[in-house]
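Below: one structure, written as structure tokens.
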Amino acid sequence: MTLDRTAFFIDGTWAAPASSDLLQVISPHSEELVATVPEGAAADIDAAVAAARRAFDEGPWPQMSPEERIEVMASFSMLYAGKLAEMADVITAEMGSPTSFSNLAQAPASWMMLESFLNIARAFPWEEVRPAALGGDVIVRRESVGVVAAIPPWNVPQFTTISKVAPALLAGCTIVVKPAPETPLDSYLMAELLQEAGVPAGVVNIVAAGREVGEHLVAHPGIDKVAFTGSTAAGRKIAAVCGEQLKRVSLELGGKSAAIVLDDADLSATMEGLKFTALMNSGQACVAQTRILASRENYDAVVDALAETVSAMTVGDPMDPATEIGPLVAQRQQERVEKYIALGQEEGARVVVGGNGMPGGLDKGWYVRPTVFADVDNRMRIAQEEIFGPVLSVIPFDDVDDAIRIANDSEYGLAGTVWTADAAAGLDVARRVRTGTYGVNTYTMDFAAPFGGYKASGLGREFGPEGLSAYTELKSIYPSAPGI
Ligand code: NAD
């Protein structure tokens, strides 16, 4: 079965591209061509925005009741549930995520999020009547924000697409999705399911394209809100454009989260947990906890345990169910991570596992060796900058206050964990670290609760009722008072 596509999804049909330019999807494992798809140009974005604008301004989608939209989205969710294995395979093929991760977090978690948004929409206060301060009642409505531009990254492409498409559609918005050029295939598979579910023409439009065309979409006058997940650098540019145009914007950006290992933690359980929280998706995760904080007394024990754990992880073909760490998405990411590994050594950190060069047994593919650095100072660039690969830094602390200070000494504030036998002490640490999400002895996102970042990790929140609110405008209606 070919994964090639020859058209965009615009206005409910597969629409011919404006130009003959193609994006090549290359397997990060074999470096062979997986598929070609048309590369979006500004004219394709214009057509997609026009379709979304029409579908919003003329309906029927925004005029339907929340219950009617929920019914259509529930059909979509049912169809999505039947395609999880195919979706996981497509994502592994396009960006090299280990199939163990694709069949857990890439596809099934996207579906669970969709189901969770359906439940939230069922209980959402779309229109409420409040006692007015001046007497009588006031009506507070939550109405669709309008036409949304959704820009997801390549690392968790469906997860970050569903986190925008589901709440936007449930709120009655229409949407233009611009998938990253590395990962167009999963979105087009999603489009087939939306079409089959009976989502009206123009409500969802999908044009895969690169950064410049993304900029055109963000600045487009037909867009009311931008929902972006990606790097902090791109987020700043997008926020500047939205600020100038007073567009609504939500940004899910980078991270450099810390896992604090307290002395009473069960080290083997902690190491098992860190395999996921620090190295999920081959380290290509915004929430990856890549700074491991250990007390000076316990430092050598933590370094040794981490070295043993990471060196035992299975690196290789992402389609092999046993693989824990696959290739990076692109050669430029492999080069970027290798530069950071060299930089860490120049900065005086000590490689205890890994280092530059191909992992054993592999001679092609965009792999790096999972690497653990010891003797890291939190001011080093490897401790401050997002590397986005399987590279961990172990940083010593004096006491719990010092650990919290180090965890907070970052421009980012997305996630974090504490590992301890004392649940109350863990919660105390959780309350003091300035990040949008935090785990005690685990890191599992929950779709009922808001997700997002403090500081340079973003603006706004996804998931939970807050994630649905992000696609609404508030309107207060003062019903006519008797006698006026
Ligand atoms: P990126 O910022 O380079 O690209 C993300 C998307 O934005 C792509 O679709 C790209 O084509 C587009 N884009 C880039 N610049 C743009 C601009 N100026 N205007 C419009 N569109 C633009 O990021 P990436 O390398 O694809 O993804 C990795 C980054 O994403 C990491 O920093 C990671 O931490 C972050 N991320 C954050 C979250 C989160 O929820 N906070 C989740 C996943 C990834």
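What you see is a predicted model; the values in this text were computed from it and never measured. Just so it is clear, the values below take in all heavy atoms, side chains as well, and ignore hydrogens, waters and symmetry mates. Ligands are counted one by one from 1 in listed order, and the atoms in each one are counted from 1 as well.
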Between [options], which one has a non-hydrogen atom sitting closest to [atom]?
atom                    : options                : value
atom 41 (N) of ligand 1 : Leu253, Val329, Val218 : Leu253
atom 27 (O) of ligand 1 : Gly254, Ala149, Pro153 : Pro153
atom 14 (C) of ligand 1 : Glu215, Gln284, Arg211 : Arg211
atom 5 (C) of ligand 1  : Thr232, Thr229, Val177 : Thr229

(request) Ignoring hydrogens and angles, state whether a donor on the side chain of Lys256 or Ser457 is under 3.5 Å from an acceptor on the partner side chain. (result) no
What atoms of ligand 1 come closer than 4.0 angstrom to any heavy atom of [X]?
X      : answer
Pro152 : 6 (C), 8 (C), 9 (O)
Ala180 : 8 (C), 9 (O)
Leu414 : 41 (N)
Asn155 : 43 (C), 44 (C)
Gly214 : 19 (N), 20 (C), 21 (N)
Trp154 : 24 (P), 25 (O), 26 (O), 27 (O)
Ile151 : 6 (C), 7 (O), 9 (O), 12 (C), 20 (C), 21 (N)

(message) Check whether Tyr471 forms a cation-pi arrangement with Lys225 (NZ or CZ under 6.0 Å from the six-membered ring centre, at most 45° off the ring normal).
(response) yes
(message) Please give me the minimum heavy-atom distance between Ser231 and Leu253, naming the atom from each residue.
(response) O-CD2, 3.5 Å
(request) Work out which heavy atom in Ile120 is nearest to a heavy atom in Leu468; give both atom names and the distance. (result) CG2-CD2, 3.9 Å
(request) Report yes or no: does Ser163 have a heavy atom closer than 4.0 Å to ligand 1? (result) no
(message) If we only consider heavy atoms of Phe228, is any one of them less than 4.0 Å away from an atom in ligand 1?
(response) yes
Which residue holds the protein heavy atom closest to [atom], what is that atom called, and what is the gap in Å?
atom                    : result
atom 31 (C) of ligand 1 : Glu386 OE1, 3.4 Å
atom 42 (C) of ligand 1 : Cys286 SG, 2.9 Å
atom 40 (O) of ligand 1 : Glu252 CB, 3.2 Å
atom 28 (C) of ligand 1 : Phe388 CE2, 3.6 Å
atom 10 (C) of ligand 1 : Lys178 NZ, 3.9 Å

(message) Using only atom types and a distance under 3.5 Å, with no angle test, would you say the side chain of Thr160 pairs donor to acceptor with the backbone of Val156?
(response) yes
(request) Return yes if some donor-acceptor pair links the side-chain N/O of Ser27 with the main-chain N/O of Ser30 below 3.5 Å, else return no. (result) yes
Regarding ligand 1, does [X] bring an N or O atom to under 3.5 Å of one of the ligand's N or O atoms?
X      : result
Thr160 : no
Gly230 : yes
Ser231 : yes

Pair [X] + [Y]: basic N to acidic O under 4.0 Å:
X      : Y      : value
Glu347 : Arg381 : no
Glu192 : Lys83  : no
Glu212 : Lys178 : no
Glu411 : Arg236 : yes

(message) Tell me every residue that passes side chain to side chain donor-acceptor pair (under 3.5 Å) with Arg434, counting only those two or more places apart in sequence or in another chain.
(response) none
(message) Between Trp14 and Phe9, is the ring centroid distance below 6.0 Å?
(response) yes
(message) Please confirm whether the ring centroid of Phe388 lies under 6.0 Å from the ring centroid of Trp154.
(response) yes
(request) List in chain and number order the residues that pass side chain to side chain contact (heavy atoms under 4.5 Å, CB included) with Glu335, two or more places apart in sequence or in another chain; answer none if no residue qualifies. (result) Gln331
(request) Check Glu182 against ligand 1 and report side chain, backbone, both or neither, counting heavy atoms closer than 4.0 Å. (result) neither
(request) Quick one: look at Val287 and ligand 1, take heavy-atom pairs under 4.0 Å, and tell me if it's side chain, backbone, both or neither. (result) neither
